[in-house]
Number of protein chains: 2
Amino acid sequence: MKIEVTTKPENFNIQKNIISQIRDLINFKNLEPGDKLPSERMLSEKFKVSRNVVRDAIQKLELYGLLKSRPQSGTFIANIGITALNGMVEDILRLDEPDFKSLVETRILLELKTARLAALRRTEEDLDQISKALKAHKEKILNGEEAVQEDLLFHLAIAKASGNSSMNTFMLIITPEIITNFEKYHVCDVGQAHSRIEEHQAIFDAIKNRSPQLAKQKMKEHFRELYKYCYNIEIN
Amino acid sequence: MKIEVTTKPENFNIQKNIISQIRDLINFKNLEPGDKLPSERMLSEKFKVSRNVVRDAIQKLELYGLLKSRPQSGTFIANIGITALNGMVEDILRLDEPDFKSLVETRILLELKTARLAALRRTEEDLDQISKALKAHKEKILNGEEAVQEDLLFHLAIAKASGNSSMNTFMLIITPEIITNFEKYHVCDVGQAHSRIEEHQAIFDAIKNRSPQLAKQKMKEHFRELYKYCYNIEIN
DNA sequence: AATTTATGATTGGTAAACCAAATCTTCATT
DNA sequence: AATGAAGATTTGGTTTACCAATCATAAATT
């Protein structure tokens with residue numbers, strides 16, 4: 001028995017198809033930023049698909065900030081200019097699925113920064129949250145158990161304390177893929193687990209003492225330990 | 001006549017409500033990673049809402065990698081562990097809308113890195129694309145026109161050349177908001193426009209010559225000029 | 001008894017019907 | 001002619017109905 005692991009290209013391609021048709025229509029009709037798109041009904045009729053499919057495509061473009069739909073009023077083109085819109089749609093259509101290397105690279109970039117920012121901006125409540133995550137991780141490890149989840153929740157607590165909502169969001173998007181890969185390849189085996197505790201503690205202390213440079217430094221060392229076998233990932 | 005600019009909290013709260021109910025159900029029923037969620041019909045019946053509302057909530061959790069729904073089969077819980085899932089759902093529910101400062105801060109972080117990476121990894125085709133964007137921007141400026149869009153397309157071309165799909169995606173998400181704010185506050189006025197051209201050229205040259213450190217340096221100077229009035233944004 | 005096949009129930013995806021808010025049109029009033 | 005109100009229309013959002021792929025169960029065959 002053969003198991004197909006296809007990503008169902010059809011579904012994605014249908015949506016991509018609709019997205020590019022929307023772009024074409026905007027260009028052909030010379031619609032400008034701020035203008036209203038034809039109604040979902042008209043689009044679905046024009047493109048010979050269901051309204052639902054059109055709605056999904058619109059939703060995706062809304063996620064990227066290119067459209068904005070308002071209830072009982074219409075879907076509007078963002079004020080970013082027609083040139084930027086065309087360029088961005090092109091990019092969106094060609095986007096690759098992120099590989100693991102990209103994820104890790106991005107993660108390190110974000111974490112070095114959020115550690116710094118957390119040291120600068122953390123509130124007392126932030127500190128409390130980080131402390132709890134630190135403790136949960138520590139106890140799991142000392143109990144001899146795997147603690148990948150607690151590990152990453154510690155890092156997410158720092159991201160939250162950075163006071164930067166975008167970075168926090170991006171960290172959340174990246175994290176699940178990181179976790180599953182860690183568990184798959186047993187990155188966090190018990191042998192090195194104890195040094196993890198100390199590294200986390202050092203990061204926490206730096207954030208507590210409002211030492212941004214040290215926080216970044218300790219985070220960097222933490223990652224250097226973690227990913228030392230992945231030598232073609234950009235750490236700095 | 002007064003225009004209400006409310007963000008319609010109800011709609012968001014309905015979705016957040018459903019999301020937290022899904023989390024509660026997972027916990028109450030002791031569902032584990034990899035398990036199948038009840039069908040959308042059952043969920044919609046249980047939560048007393050339409051199936052579409054359930055589907056939207058699932059789609060959002062899918063975006064954050066916590067669920068994965070497969071056609072004609074079911075919706076499955078990601079293999080990230082129940083602790084991580086609970087923590088992440090909590091974070092997702094409390095996420096703030098990003099303010100402009102966060103966006104700019106994140107943009108600078110990403111761009112310094114993508115410039116470096118592009119210098120290391122750009123292909124000839126990447127270089128060609130960046131060159132075209134550079135030229136388009138230059139010509140618009142020399143023609144005395146505003147060129148905010150061409151400016152950011154140049155930066156997006158660099159992000160693409162970085163070979164990091166995650167960073168590319170995040171740049172795309174951030175860009176529209178940046179553009180609208182630039183145009184709103186007239187950040188790119190014509191006076192400084194000519195020095196922009198030189199700065200872009202310097203960045204391009206560094207990427208062309210495969211000089212990662214220089215590319216980052218030139219990008220940093222570029223931003224220092226741009227945002228010198230925003231002194232509480234973390235540049236490094 | 002083991003394996004294959006067939007059949008019916010279940011599922012997420014899609015299409016169609018319906019709703020209430022927003023907008024436009026029309027017409028009466030000043 | 002300008003303005004305001006009322007009604008009809010249009011719109012995105014929501015609900016309902018339908019579809020084809022999938023899966024589990026059981027019957028049939030070896």
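Throughout, a chain's letter reflects where its sequence line sits, starting with A, and its residues are numbered from 1.
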Exercise for review: Decide, yes or no, whether a salt bridge links A/Glu105 with A/Lys101 under the criterion of side-chain N to carboxylate O below 4.0 Å.
Suggested key: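 A/Lys101 and A/Glu105: not salt-bridged.
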Review point. Can B/Arg41 and B/Glu45 be counted as an ion pair, charged N to O under 4.0 angstrom?
Key: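 The answer is no: the pair does not qualify as a salt bridge.
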Pairs under 3.5 Å (N/O, protein and nucleotides 24-26 of chain C):
none

What is the distance from [atom1] of [X] to [atom2] of [N], rounded to the nearest Å?
X: B/Lys68; N: C/dG12; atom1: NZ; atom2: P; answer: 13 Å
X: B/Gln15; N: D/dT14; atom1: CD; atom2: C1'; answer: 14 Å
X: A/Gln72; N: C/dA21; atom1: CD; atom2: C1'; answer: 4 Å

**Study point:** Sole residue of A/Lys140, A/Arg196, A/Lys135 in salt bridge (charged side-chain N to carboxylate O under 4.0 Å, His left out) with A/Glu150
**Key:**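 Only one of A/Lys140, A/Arg196, A/Lys135 forms a salt bridge (charged side-chain N to carboxylate O under 4.0 Å, His left out) with A/Glu150, namely A/Lys140.
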**Study point:** A/His137 ring center within less than 6.0 Å of A/Phe154 ring center
**Key:**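 No, the ring of A/Phe154 stays outside the 6.0 Å limit from the ring of A/His137, centre to centre.
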Ignoring hydrogens and angles, state whether a donor on the side chain of [X] or [Y] is under 3.5 Å from an acceptor on the partner side chain.
X: B/Asn164; Y: A/Thr106; answer: yes
X: B/Thr123; Y: B/Asp126; answer: yes
X: B/Asn168; Y: B/Ser165; answer: no
X: B/Asn27; Y: B/Asn86; answer: yes

Practice item. Without swapping roles, check the side chain of A/Ser73 against the backbone of A/Ser69 for a donor-acceptor pair under 3.5 Å. Key: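 No; zero donor-acceptor contacts below 3.5 Å.
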Check your understanding: Stepwise, does the salt bridge (charged side-chain N to carboxylate O under 4.0 Å, His left out) test hold for B/Lys132 with B/Asp128?
Key -> CA-CA 6 Å; B/Lys132 276 179 185 158; B/Asp128 192 50; 3.5 Å; yes
Review point. In residues 48-59 of chain B, which residues come under 4.0 Å of DNA chain C by heavy atom?
Key: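 Close to the strand are B/Arg51, B/Arg55.
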**Study point:** OP1 or OP2 of D/dG12 under 4.0 Å from side-chain N/O of A/Thr75
**Key:**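 Yes, such a contact exists.
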Check your understanding: Any side-chain N or O of A/Ser73 under 4.0 Å from OP1/OP2 of D/dG12?
Key ->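 False: A/Ser73 side-chain N/O out of range (4.0 Å or more) of D/dG12 OP1/OP2.
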Point to revise | Nucleic acid contacts of residues 39-47 of chain A, taken as heavy-atom distances under 4.0 Å to DNA chain D | key: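 Residues of residues 39-47 of chain A that come under 4.0 Å of DNA chain D are, in numerical order, A/Ser39, A/Glu40, A/Arg41.
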Exercise for review: By nearest nucleotide on DNA chain C, pick out whichever of B/Leu37 and A/Arg70 is the more 5' one.
Suggested key: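 Result of the comparison: B/Leu37.
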Review point. B/Phe182 vs B/Phe100 aromatic rings, parallel, tilted or perpendicular, using cut-offs 30° and 60°?
Key: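 B/Phe182 vs B/Phe100 ring planes: perpendicular.
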